[in-house]
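Any value given below was found using the heavy atoms of this structure, including those in side chains, with hydrogens, waters and symmetry copies removed.
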Amino acid sequence: MVNSIVVARTAQNTYVAATQTCSHEPKKKVTFVNGEFFCSEHGARYSTTGVGLNSYGAKGLAVYTVTVNGNTLEIS
């Protein structure tokens, strides 16, 4: 986690990034667990594209584009 952004590696040279702030309640509790974004506060779950996977995650999650440039990840 850097600057309130969660970055996770999902495959060789493939990364996803999302805000650490949950859309259910504005708490910085989002992590990446078992292939999805998860908020430990109330259990909100989100896909790697930010789509909510349960009622707590219904509002979705802000995700960012991650580009690999050599040894550098660029998030936009």
Side-chain angles (χ1 to χ4, degrees):
M1 289 180 234
V2 176
N3 296 331
S4 298
I5 296 175
V6 179
V7 180
R9 182 177 172 188
T10 58
Q12 183 73 20
N13 291 326
T14 305
Y15 297 85
V16 295
T19 180
Q20 187 182 12
T21 305
C22 185
S23 63
H24 171 71
E25 288 185 5
K27 303 208 182 215
K28 292 183 178 183
K29 299 281 187 160
V30 174
T31 60
F32 192 77
V33 178
N34 297 324
E36 63 187 40
F37 292 104
F38 174 76
C39 178
S40 60
E41 187 70 22
H42 296 109
R45 296 173 47 228
Y46 307 93
S47 72
T48 57
T49 60
V51 175
L53 300 175
N54 62 9
S55 61
Y56 290 118
K59 294 180 184 176
L61 191 67
V63 295
Y64 306 98
T65 300
V66 180
T67 306
V68 179
N69 187 3
N71 291 330
T72 303
L73 296 179
E74 296 176 0
I75 300 169
S76 57

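- By the side chain to side chain contact (heavy atoms under 4.5 Å, CB included) test, L73 pairs with V7, Y15, V66, V68, sequence neighbours left out.
- Under the side chain to side chain donor-acceptor pair (under 3.5 Å) criterion, T48 pairs with no residue, sequence neighbours left out.
- With hydrogens and angles disregarded, no donor-acceptor distance shorter than 3.5 Å links the side chain of S23 to the backbone of L61.
- Shortest non-hydrogen contact noted between N54 and R45 is OD1-N, 3.2 Å.
- The side-chain heavy atoms of T31 and F37, taken from C-beta on, include no pair separated by under 4.5 Å.
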Is there a side-chain contact (heavy atoms from CB on, under 4.5 Å) between S4 and K28? Walk through the geometry before answering.
CA-CA 7 Å; S4 298; K28 292 183 178 183; 2.9 Å; yes
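- Note on V6: it does not cluster hydrophobically with F38, by side-chain heavy-atom contacts below 4.5 Å among ILVMFWY residues.
- Shown are K59, E41, H42; of these, the side chain to side chain contact (heavy atoms under 4.5 Å, CB included) with H24 is made only by H42.
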Would Y64 and I5 count as a side-chain contact (heavy atoms from CB on, under 4.5 Å) here? Give the steps.
CA-CA 9 Å; Y64 306 98; I5 296 175; 4.1 Å; yes
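- Using a 4.5 Å heavy-atom cutoff, the side chains of E36 and L53 are in contact.
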Residue pair T21, K27: steps toward the side-chain hydrogen bond (donor to acceptor under 3.5 Å, both in side chains) verdict
CA-CA 5 Å; T21 305; K27 303 208 182 215; over 6 Å; no
